[in-house]
There are 2 protein chains.
Amino acid sequence: MAISFAEENYLKIIYRLSESTNDDISTNAIAELTQNKAASVTDMLRKMSEKGWVNYQKYQGVRLSAIGEKIALDIVRKHRLWEVFLVTKMGFNWDEVHEIAEQLEHIESEVLIDKLDAFLDFPRTDPHGDPIPNKEGILPQLEYFPLANLPLASPATLVGVAQDSAVFLQLLTKLNLKLGAKLEITEINEFDLSVGLRIDEAQPVFISHAVAKNVLVKR
Amino acid sequence: MAISFAEENYLKIIYRLSESTNDDISTNAIAELTQNKAASVTDMLRKMSEKGWVNYQKYQGVRLSAIGEKIALDIVRKHRLWEVFLVTKMGFNWDEVHEIAEQLEHIESEVLIDKLDAFLDFPRTDPHGDPIPNKEGILPQLEYFPLANLPLASPATLVGVAQDSAVFLQLLTKLNLKLGAKLEITEINEFDLSVGLRIDEAQPVFISHAVAKNVLVKR
DNA sequence: TTAAATTTTTAGACAAGGCTAAAAATTATT
DNA sequence: AATAATTTTTAGCCTTGTCTAAAAATTTAA
Ligand SMILES: [Mn+2]
Ligand SMILES: [Mn+2]
Ligand SMILES: [Mn+2]
Ligand SMILES: [Mn+2]
C-alpha cells in the first residue's frame with residue numbers, strides 16, 4: 001500500500017506528539033503542527049484509521065498502531081540521517097538543515113538509506129542530539145541525553161552537562177542541580193519551552209529551555 | 001510561483017523530447033513519457049501555457065518558453081548531480097540510480113545543490129556521460145558522438161550513453177562496455193548495420209546498430 | 001447541575017491532477 | 001477530392017487533500 005507525503009507527515013507528527021505524553025493525541029494538537037485546520041485532520045485520521053495506521057475513536061483522540069509507529073520511525077530515521085549528511089558532508093550549520101530534511105525524509109529507497117547510514121559511519125544521533133532509529137525502528141539507548149528531551153513525568157538522573165561555562169555551572173548550583181540529582185519534568189510550557197522541574201522530590205521549580213538543553217540526564 | 005512535482009516532470013520531459021528534434025512536441029509523445037493519457041496532457045499543456053512556461057497552440061504541439069527551458073535545465077542539473085552522488089559517493093552502479101534521482105531532482109534548495117556540486121568536485125557529466133548544466137543553465141560543450149558514426153579502424157573512447165534504461169546499461173555491462181573503454185570498429189555489416197567492435201584490445205565482438213547508436217564515444 | 005466555552009466532527013465546496021468516452025481536427029490513403 | 005485513419009481536444013467524472021461554516025460532543029465554570 002503506497003503512502004503519500006501528506007500521510008507520512010501526519011504519522012511523523014503524531015509520533016512526535018506521542019514522545020512527550022502517554023495520553024491520546026488531540027485533533028487540535030495535530031492541526032497545529034501540520035498547519036492544517038482541525039476539520040482536515042479529522043478527515044485524515046478517519047482515513048488513516050481505515051488503513052490501520054492509527055487507532056482513532058471520534059472525540060477521543062488518536063494513537064499510532066504498531067504499523068503506524070514503524071512507518072513513523074522509518075521517516076524519523078531518514079530525516080535524522082539526512083540531517084547528519086547535511087551537516088557533516090555538506091557543511092551546513094545545525095540550524096539550517098531541518099527544512100531540507102523535511103523534503104529528503106520522503107525519498108523512497110531502503111538501499112539508499114542503508115548506504116547513507118554506512119557513508120555517515122552509522123551515527124547514533126543527529127546534529128541536534130536526537131537518537132537515530134535503526135532499520136528495525138529501534139532507538140539506540142543513549143546513556144545520556146538533554147533534559148530538554150526528557151518526556152513529562154518520567155524520572156531521570158542528572159549525569160552531566162553539555163556546556164561548562166562558569167556562569168552556567170554557577171546557575172546550576174544556585175538551582176540545587178548537581179550530579180546524581182533525581183529529576184522529573186512536571187510541566188512543559190509551549191510558549192518558551194521552559195519546564196517545571198522536580199529536583200530530589202522537592203517542590204517543582206522553573207528552568208529555561210536553554211538550561212534544560214545543556215543538562216544531561218540518564219533514565 | 002510555486003511549481004509542483006507534476007509540472008516539473010512535464011517540463012523535464014518536454015525538454016528531453018526537444019533535444020532530439022526542432023519540431024514542436026506532440027501531445028502523444030509527452031503522454032507516452034509521462035505515462036499519462038493524452039487527454040491529461042492536453043489539460044496540463046493548457047495550464048502550463050497560462051503560466052508562461054510553454055508556447056502551446058491547440059493541435060499544433062508545444063515548445064518550451066525561455067522560462068520553461070530554464071526550469072527544465074534546473075531539474076536536469078539536479079537529476080544529474082544526484083546521479084553522480086549516488087554512483088561516486090554511495091556506491092551504486094550506473095544502472096541503479098535513475099529512479100532515485102527522479103525523486104531527488106525535486107528537492108528544493110539552491111544552496112544544497114551548490115554545495116553538492118562542490119562536494120562532487122564540479123562534475124561536467126553524469127554517470128551516463130550526459131552533460132550537467134551549470135546554475136545558469138548552460139551545458140558544457142562535449143565533443144562526443146554515437147559509436148554508430150565512428151569510421152572503421154579509428155580508435156575512440158567510450159564517454160557516455162544516449163539512453164539510461166536499466167536493460168540497456170546491464171547489456172553494456174555484460175559486454176564489458178564501460179566508461180573509458182578503448183573502442184575500435186573492425187567490421188560493419190551492410191545487412192543489419194551491426195558492427196564488429198574491439199574493446200580494450202580484446203578479440204572483437206558483435207553489437208547491434210541499436211546498441212551502437214546509444215553508445216557515445218570521443219576520438 | 002446547568003450553562004458557557006471549547007473542541008471536534010459533519011456537510012459541502014474547491015483545486016490539482018488524473019481517467020474514459022465522445023467529438024473535432026488533422027493527416028494519410030485511395 | 002473524398003474518405004479513412006489517426007491524433008488531439010472536450011466533456012464529464014473521480015480521488016486526494018485541503019478549506020469554511022455549522023452542528024454536535026465534551027469539558028469547564030457558574
Ligand atoms: Mn529536523
Ligand atoms: Mn534533528
Ligand atoms: Mn537519469
Ligand atoms: Mn543520467
Side-chain angles (χ1 to χ4, degrees), chain A residues 1-14 17-18 21-64 68 71-72 75 102-103 105-106 108 187 190-191, chain B residues 1-14 17-18 21 23-64 68 71-72 75 102-103 105-106 108:
Chain A
M1 196 182 299
I3 185 167
S4 69
F5 282 22
E7 289 166 331
E8 289 193 342
N9 282 329
Y10 274 97
L11 290 176
K12 184 187 56 172
I13 277 164
I14 296 168
L17 289 165
S18 306
T21 178
N22 282 314
D23 296 347
D24 288 11
I25 307 305
S26 76
T27 300
N28 263 356
I30 297 167
E32 192 166 353
L33 288 197
T34 57
Q35 311 250 55
N36 292 321
K37 300 297 164 170
S40 312
V41 173
T42 298
D43 215 51
M44 281 300 267
L45 292 184
R46 200 182 39 66
K47 290 182 201 166
M48 295 197 300
S49 182
E50 295 279 301
K51 303 197 186 195
W53 298 337
V54 298
N55 296 115
Y56 167 62
Q57 308 265 58
K58 282 204 289 194
Y59 294 102
Q60 298 314 127
V62 73
R63 56 180 67 214
L64 292 175
I71 298 171
I75 301 161
E102 288 286 306
Q103 299 179 61
E105 73 191 3
H106 301 293
E108 214 179 300
E187 206 175 330
E190 188 95 25
F191 173 63
Chain B
M1 197 181 299
I3 185 168
S4 69
F5 283 21
E7 289 166 333
E8 290 192 343
N9 282 330
Y10 274 98
L11 291 176
K12 184 186 56 169
I13 276 164
I14 297 168
L17 289 166
S18 306
T21 179
D23 297 346
D24 288 11
I25 307 306
S26 75
T27 301
N28 265 356
I30 297 166
E32 192 166 354
L33 288 197
T34 57
Q35 311 250 55
N36 291 322
K37 301 295 164 172
S40 310
V41 173
T42 298
D43 214 52
M44 280 301 267
L45 292 182
R46 199 182 39 67
K47 288 183 201 165
M48 295 197 300
S49 182
E50 296 279 300
K51 302 195 186 195
W53 298 336
V54 298
N55 298 114
Y56 168 61
Q57 308 265 58
K58 282 204 287 192
Y59 295 101
Q60 298 315 127
V62 73
R63 56 180 68 214
L64 293 175
I71 297 171
I75 301 160
E102 287 288 305
Q103 299 179 60
E105 72 190 5
H106 301 293
E108 213 178 303

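Chain identifiers are assigned alphabetically (A, B, ...) following the order of the sequence lines, protein sequences preceding nucleic acid strands; residue numbering begins at 1 within each chain.
Across the protein-nucleic acid pair, A:F5 atom CZ and C:dG17 atom P stand 14 Å apart, rounded to whole Å. Straight-line distance from the CD1 atom of B:I30 to the P atom of D:dT8: 9 Å, rounded to whole Å. A:E8 has its CD atom 15 Å from the C1' atom of D:dT16, to the nearest Å. As rounded to whole Å, 11 Å separates atom P of D:dT9 from atom CD of B:Q57. Rounded to a whole Å, the CD atom of A:E32 is 11 Å from the P atom of C:dT7. Going from atom CD of A:E7 over to atom P of D:dT15 covers 15 Å, rounded to whole Å. Remark: P of C:dA16 and CE of B:M48 are 14 Å apart, rounded to the nearest angstrom. Regarding B:E50, its CD atom lies at a distance of 14 Å from the P atom of C:dA15, rounded to whole Å.
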Got a list of protein N/O to nucleotides 20-29 of chain D N/O distances below 3.5 Å?
unit_1, atom_1, unit_2, atom_2, d
D:dA25, O4', A:Y59, OH, 3.4

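Residue A:N28 places at least one side-chain N or O under 4.0 Å from the OP1 or OP2 atom of C:dT8. Within the structure, a side-chain polar atom (N or O) of B:T27 is placed less than 4.0 Å from OP1 or OP2 of D:dT9. For B:Y56 and D:dT8, the shortest distance from a side-chain N or O to OP1 or OP2 is not below 4.0 Å. In this structure, A:S4 reaches the D:dG17 phosphate: one of its side-chain N or O atoms is under 4.0 Å from OP1 or OP2.
For the pair A:T42 (side chain) and A:A38 (backbone), a donor-acceptor distance under 3.5 Å is present. Side chain of A:R63 to backbone of A:N22: a donor-acceptor contact under 3.5 angstrom is found. With A:Q103 contributing its side chain and B:E108 its backbone, the two residues share a donor-acceptor pair below 3.5 Å. In this structure a side-chain-to-backbone donor-acceptor pair under 3.5 Å is present from A:T34 to A:I30.
Mapping A:K47 and B:V41 onto DNA chain D via the closest heavy atom, the residue that lands nearer the 5' end is B:V41.
Among D:dG17, C:dG17, C:dC19, the nucleotide with an atom closest to any side-chain atom of B:N36 is C:dC19.
Contacts of A:D43 with the nucleic acid, taken as non-hydrogen atoms under 4.0 Å apart, include base atoms. Within 4.0 Å of A:T42, counting heavy atoms only, lies at least one base atom of the nucleic acid.
The only member of A:V54, A:N55, A:V62 that meets side chain to side chain contact (heavy atoms under 4.5 Å, CB included) when paired with A:S49 is A:V54.
A salt bridge does not link B:K47 to B:E7: none of the charged nitrogens lies less than 4.0 Å from a carboxylate oxygen.
Aromatic ring orientation, A:F5 versus B:F5: perpendicular (interplanar angle above 60°, classes split at 30° and 60°).
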